[in-house]
Undergrad: 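Quick one: this structure, given as structure tokens, is what I'll be asking you about.
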Amino acid sequence: LKLTTVEEMEAATARLLETGAKVGADAWQLRVKNQTPHCKFGEQGVCCRICAMGPCRITPKAPRGICGCDVHGIVGRNYLKFTAGGAATHSDHGREICHTLYEAKPDGAYKVKDPEKLIRIAKEWGVETEGKDIYDLAHEMAETALMEYGKPFGVQRWLKRAPEHTQKLWHDAEIEPRAIDREVATSLHMAHMGCSSLPEALVRQSLRAGLADGWGGSMCGTEFSDVLFGTPKPLDTEANLGVMNADNVNIVVHGHDPSLSEMVCEYADDPEMIAYAKSMGAKGITVSGVCCTSNEVAMRRGVPMAGNFLQQENVVLTGACEAIVVDVQCIFPALGPLSKCFHTKFITTSPIAQMPDSDYIRFDVGTAAEKAKQIVMTACENFKNRKPDLVYIPDMKQKATVGYSFEALVKTLDGVTNSQVDVTGTTKPLIECITSGVIRGAVAMVGCNNPKIRPDYAHIELMKKLIANDIVVVASGCSAQAAAKAGLMDKAAKDLCGAGLKRVCELADIPPVLHMGSCVDISRMMVLVAELAKDSGLNISQLPVVGCAPEWMSEKAVSIGNYVVATGIDTFLGVDPYVAGSSEMGQWLTEGVRDWVEAAYTVETDIEKLVDKMIDRIEEKRTALGI
Ligand code: SF4
Ligand code: WCC
Ligand code: FE2
């Protein structure tokens, strides 16, 4: 196996930026220069503009805002608002999926592809399934799930999936999330002028809003996406810009909601559409993806991944992108003006993400089929507008095996055990690998790219070192795509592992970095650790498992961090969440929360140190267990 290096990816980007320069295109690499150095007040989180007496900035000379709020209150409120933004975003995505499920019909565009999973969840929720038509059940479950967003009483249903010990911690700390929307609204209320300025209270609500995401809205998103589109199983795909095909109509899907991308893929495979592409002079249609929507269709259909977050402009810079079709989240507004420098159609589809210089083809469940067809046809018709002298697709791609949902992972690992006991369908084989020391532990690698960290470098270098140390990696979001682009999701990457992990990869026939899906699918990781804890009789916080977001940038990532920590998993960040300005906030996040949830944050911007700290933490946990 020859990994693709970050240097090679950077060289490809540099070549694409030359094309960009020819047509007068802007790029994030240029805009970063104009924005650097960043505002110090903002960087430290010490600027408040939540009321019109401000903005107030805290300095040694001005230690309080006009209302008298100190730096800890300001940083804390900013942190809570940041979390609420992320929790709202993931959860609203989950809500859209529930609405799609509500509209599913046996003869409609959206069907129930995994009825078994639907029935399993219904039983979990105490919903009667006997003798019920599967679509009636789907609609009832969708409505029940939608009520989780606004129910006046009680806490999230999904919490029951956690080990009892974890549930008790949440209860005692008063961070069990109630209705999802309520936690977002409460967060905004608390962070309003003249409400909370006590760091402890703000951090507590940040954890609760995070839990409303991970054990609420995101879990709805993941679980009901599986019901609608199928629970992922291992399958082969490819990753990096080389998956685009110069002879074909290239449609790139970007964003998050699989309701759109599934339909686009469906039509791109339609013989009628392929014939249409041919009539326009192309040889066929290639759909590839960027960001989480890419993860969704890669996991379920093997659709190749063109790239991750900071590669989104590169897709257009190839000059071979007929249409970049987006729904919500992580979409650069830059794609509008950039696409105007090429023949590319920038197609927005969601009322939630509307942007200048785009073609807006409003997509909704009722008209999904006809809109998806319209999008594919628009892309085909655009093929003839391509400027051949601008076309350059870097010849760079790697094989990847993806699709490790929790269900698939359990099934795959069933074979890897010497135990005579019947362990089928549990995480026990994995526990055995960990307790015997064949695998030292696991790291959940998640999150974005951020120009503050050399893009993809931290993801890839960290993963390489972890697997060399017999630590298995589960990845999601843009971190998973970084791994796939480099080649770390090729089964041949087992050769980069320590002897123990290599053996496990051989026995189970898996790559050492396992793709668990999109960012909402970090809920799959929560289910995994919950089951590991239940099957081992340990608390989640005792497991030699940590979380890491080395290049994160979005509000969603902070919401994720909060629920991962609140679930009992130590979480390592490579970028500071704008809290450096408050010693008290730093203290709460890196130590204080441990008293409530048995885990905390570590912020370490030196990547070398970051990985060593993770390995040390894993080894500490092993020592504590005497394994
Ligand atoms: Fe300034 Fe207080 Fe208003 Fe914030 S809430 S802008 S610190 S006066
Ligand atoms: Ni999730 Fe981060 Fe990618 Fe967007 S798609 S850029 S939040 S990791
Ligand atoms: Fe995402």
Side-chain angles (χ1 to χ4, degrees), residues 28 41 45-59 62-78 81-82 85-87 89-90 92-94 190-197 213 218 221-222 225 253-258 261 289-296 298-299 305 307-312 326-332 353 444-451 453 455-456 458-459 475-485 515-523 548-561 573-575 581:
W28 67 259
F41 300 105
V46 302
C47 169
C48 184
R49 35 149 296 169
I50 65 168
C51 92
M53 295 192 286
C56 299
R57 297 172 305 180
I58 301 304
T59 63
R64 288 181 184 271
I66 291 169
C67 65
C69 191
D70 68 10
V71 74
H72 311 296
I74 290 175
V75 172
R77 287 192 305 224
N78 288 340
K81 273 177 176 280
F82 212 85
T89 304
H90 273 150
D92 210 31
H93 163 173
M190 285 178 74
H192 189 274
M193 191 275 154
C195 284
S196 288
S197 51
D213 169 356
S218 274
T222 297
S225 290
V253 289
H254 175 15
H256 282 80
D257 185 342
S261 47
V290 173
C291 280
C292 279
T293 215
S294 173
N295 290 321
E296 299 275 1
M299 294 269 283
M305 301 179 269
N308 48 357
F309 181 61
L310 281 182
Q311 219 167 335
Q312 57 184 289
V326 304
D327 47 70
V328 291
Q329 304 168 26
C330 302
I331 299 146
F332 269 11
M445 291 285 298
V446 307
C448 333
N449 300 126
N450 185 327
I453 309 279
D456 292 339
H459 289 299
S476 74
C478 290
S479 183
Q481 292 174 325
K485 289 194 300 177
H515 196 316
M516 286 194 85
S518 63
C519 303
V520 292
D521 291 341
I522 295 169
S523 63
C548 179
E551 305 184 17
W552 74 273
M553 63 83 205
S554 80
E555 292 173 318
K556 292 180 288 176
V558 171
S559 177
I560 292 167
L573 303 178
V575 178

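Everything quoted here is computed from the prediction, not taken from an experiment. Both backbone and side-chain heavy atoms feed into the values below; hydrogens, waters and symmetry mates do not. Numbering of ligands and ligand atoms starts at 1, following listing order. Numbering of residues begins at 1 and proceeds along the displayed sequence.
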Undergrad: Using every non-hydrogen atom in the two residues, find where S476 and I522 come nearest and quote the distance to one decimal.
TA: OG-CG1, 3.2 Å

Undergrad: Does F41 reach the side chain of T59, with side-chain heavy atoms less than 4.5 Å apart?
TA: yes

Undergrad: Can you list the protein N, O or S atoms less than 2.8 Å from atom 2 (Fe) of ligand 2?
TA: C448 SG

Undergrad: Looking only at heavy atoms, what is the nearest atom pair of S554 and C448, with distance?
TA: N-SG, 3.8 Å

Undergrad: Report yes or no: do H93 and K556 form a side-chain donor-acceptor pair below 3.5 Å?
TA: no

Undergrad: Not counting sequence neighbours, which residues clear ring-ring contact (aromatic ring centres under 6.0 Å, His included) with F332? List them please.
TA: F309

Undergrad: Would you say the side chain of V520 lies within less than 4.5 Å of the side chain of H256, judging by non-hydrogen atoms?
TA: no

Undergrad: Check the side chains of N450 and E551 for a donor-acceptor pair under 3.5 angstrom, ignoring hydrogens and angles.
TA: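 No - no donor-acceptor pair under 3.5 Å links their side chains.
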
Undergrad: For E296, check side-chain hydrogen bond (donor to acceptor under 3.5 Å, both in side chains) against everything at least two apart and list the hits.
TA: R300, S518

Undergrad: Going by heavy atoms in the side chains, are D521 and M516 under 4.5 Å from each other?
TA: no

Undergrad: Heavy-atom contacts with H256 under 4.0 Å: which atoms of ligand 2 show up? List them by number with element.
TA: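 With H256 as reference, the close atoms of ligand 2 come out as 5 (S).
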
Undergrad: Assess whether side-chain hydrogen bond (donor to acceptor under 3.5 Å, both in side chains) is satisfied between S294 and Q481, documenting all intermediate values.
TA: CA-CA 9 Å; S294 173; Q481 292 174 325; 3.2 Å; yes

Undergrad: Which protein residues have a heavy atom closer than 4.0 Å to any atom of ligand 1, listed by chain and number?
TA: C48, I50, C51, M53, G54, C56, G65, I66, C67, I74, R77, M193

